[in-house]
Amino acid sequence: MLWTLPAGLAAVPAFHVAHATQYMSVDEAQKAAFADAAGFDPMPALDPGIASALAVPGWSPGIWRVRGKDRPLGWFFVDRVIGKSELITYAVALDESGAIRSVEILDYRESHGGEIRLPFWRKQFVGKTASDAVQLDHDIKNVSGATLSSRHVTEGVHRLLQVYERTLKNASPAE
C-alpha cells in the first residue's frame, strides 16, 4: 500500500514546541541560597529612571534584602530574560559585599538549552562582582546548544550586579 500526503499538507510548517519546567520556586531558591536567613524583606520596585538606564524599561527584578538573626546577609533577586524565544526566570543571591553566592534557574520554557541549569555552568558566576566583566566567552563559558540562553542569562546577571552597585550597595541594612 502506498501512502501519499494530501495536496498542500507537505507545505504545513512544523511547529516548535516549548517545554515549560519549573525547577524551583522563589521560596526554595531563597532557602537554598541563604539557609541561615531569618527573613527576606522585599524592596520596592526600582525607580523607572534607573530601570530604563539599565535597559529594562517596563520590568524591574524582584529584590529582597536578606537578614540574619543579628546582621544583614545579602541580597536576593528574581529576574527574567528571553532565551531564544521564551522567558527564563532565574535567581541571583549576593552576599553582603555584593559577590555572587549562587545563580539558580527557576523556570525554563525553551525546548533546547536547559543545560544552563547544570551546576558546572552556574558555578562560573560564584564570586563575581560588579567589577568583573561577567561576559559570555570572556569570563563565562558558553554552553553548546544553549548559546542564546547562556548569553541572555549572563547579560541578566551582569545587569543585576549593576543594580546592586548603583542602587543597593549603600542601602541601609535590614532591621
Side-chain angles (χ1 to χ4, degrees), residues 16 18-35 37 40 43 46 50-66 72-171:
H16 179 73
H19 300 93
T21 304
Q22 181 180 31
Y23 294 108
M24 290 182 126
S25 68
V26 171
D27 187 53
E28 291 168 332
Q30 287 175 329
K31 288 177 183 167
F34 294 98
F40 294 85
M43 300 294 291
L46 287 178
I50 295 169
S52 65
L54 293 168
V56 288
W59 167 249
S60 289
I63 304 172
W64 290 261
R65 182 71 158 126
V66 185
L73 298 178
W75 298 90
F76 186 83
F77 298 85
V78 173
D79 194 19
R80 60 186 181 194
V81 293
I82 294 288
K84 180 178 181 180
S85 59
E86 303 292 334
L87 286 174
I88 300 168
T89 305
Y90 66 101
V92 175
L94 302 181
D95 66 19
E96 188 57 25
S97 69
I100 295 176
R101 288 176 64 132
S102 67
V103 172
E104 292 288 349
I105 304 301
L106 304 182
D107 294 303
Y108 194 81
R109 297 167 183 90
E110 299 283 357
S111 61
H112 293 71
E115 296 84 0
I116 65 168
R117 183 179 167 270
L118 297 175
F120 80 88
W121 190 75
R122 293 180 295 108
K123 284 182 182 176
Q124 297 179 87
F125 294 96
V126 174
K128 302 283 186 197
T129 67
S131 62
D132 292 307
V134 189
Q135 184 178 1
L136 196 66
D137 298 327
H138 183 269
D139 58 342
I140 303 296
K141 293 178 183 172
N142 186 28
V143 175
S144 180
T147 301
L148 292 175
S149 295
S150 298
R151 178 171 313 286
H152 297 158
V153 169
T154 300
E155 289 169 351
V157 170
H158 181 265
R159 179 172 24 88
L160 293 178
L161 287 169
Q162 298 308 309
V163 167
Y164 166 79
E165 187 69 20
R166 294 178 187 180
T167 65
L168 303 173
K169 183 176 182 176
N170 297 314

Practice task
With sequence neighbours left out, write down each residue that passes salt bridge (charged side-chain N to carboxylate O under 4.0 Å, His left out) with K141, or none if nothing qualifies.
Solution key: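 Expected list: none.
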Practice task
Please name all residues satisfying salt bridge (charged side-chain N to carboxylate O under 4.0 Å, His left out) with E165, sequence neighbours left out, ordered by chain then number.
Solution key: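 Scan of E165 (salt bridge (charged side-chain N to carboxylate O under 4.0 Å, His left out), adjacent residues dropped) gives K169.
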Interatomic spacing from [atom1] in [X] to [atom2] in [Y] - rounded to 0.5 Å:
X: S25; Y: Q30; atom1: OG; atom2: CD; result: 8.5 Å
X: R159; Y: R166; atom1: CZ; atom2: CZ; result: 11.5 Å
X: F77; Y: Y90; atom1: CZ; atom2: OH; result: 9.5 Å

Close side-chain approach of [X] to [Y], heavy-atom, < 4.5 Å:
X: E110; Y: L148; value: no
X: I63; Y: V163; value: yes
X: F40; Y: V26; value: no
X: R80; Y: L106; value: no
X: V66; Y: L94; value: no
X: I100; Y: T129; value: no
X: E155; Y: L136; value: no
X: I116; Y: I88; value: yes

Work out which heavy atom in [X] is nearest to a heavy atom in [Y]; give both atom names and the distance.
X: A29; Y: A91; value: CB-CB, 4.3 Å
X: F34; Y: A93; value: CE1-CB, 3.6 Å
X: P72; Y: E96; value: CB-OE1, 3.4 Å
X: V143; Y: S150; value: N-OG, 3.4 Å
X: G113; Y: S149; value: O-CB, 4.5 Å

Run the side-chain hydrogen bond (donor to acceptor under 3.5 Å, both in side chains) test against [X] and tell me which residues pass, sequence neighbours left out.
X: S102; result: none
X: T154; result: none
X: D95; result: S97

Practice task
For F125, enumerate each residue passing the ring pair (Phe, Tyr, Trp, His ring centres under 6.0 Å) test, keeping only those at least two apart in sequence or located in another chain.
Solution key: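 For F125, the residues satisfying ring pair (Phe, Tyr, Trp, His ring centres under 6.0 Å) (neighbours in sequence not counted) are W121.
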Handout entry: Residues in ring pair (Phe, Tyr, Trp, His ring centres under 6.0 Å) contact with F76, at least two apart in sequence or another chain
Key =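 Per chain and number, F76 pairs via ring pair (Phe, Tyr, Trp, His ring centres under 6.0 Å) with W64.
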Side chain [X], main chain [Y], donor-acceptor under 3.5 Å:
X: R65; Y: G74; value: yes
X: R101; Y: A33; value: yes
X: Y164; Y: W75; value: no

Exercise for the section: Please collect all salt bridge (charged side-chain N to carboxylate O under 4.0 Å, His left out) contacts where either partner lies in residues 112-130, sequence neighbours excluded, each pair once. Expected result: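 Those involving residues 112-130 are E104-R122, K128-D139.
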Exercise for the section: Test side-chain contact (heavy atoms from CB on, under 4.5 Å) on R151 and D137 and set out the steps. Expected result: CA-CA 9 Å; R151 178 171 313 286; D137 298 327; 4.2 Å; yes
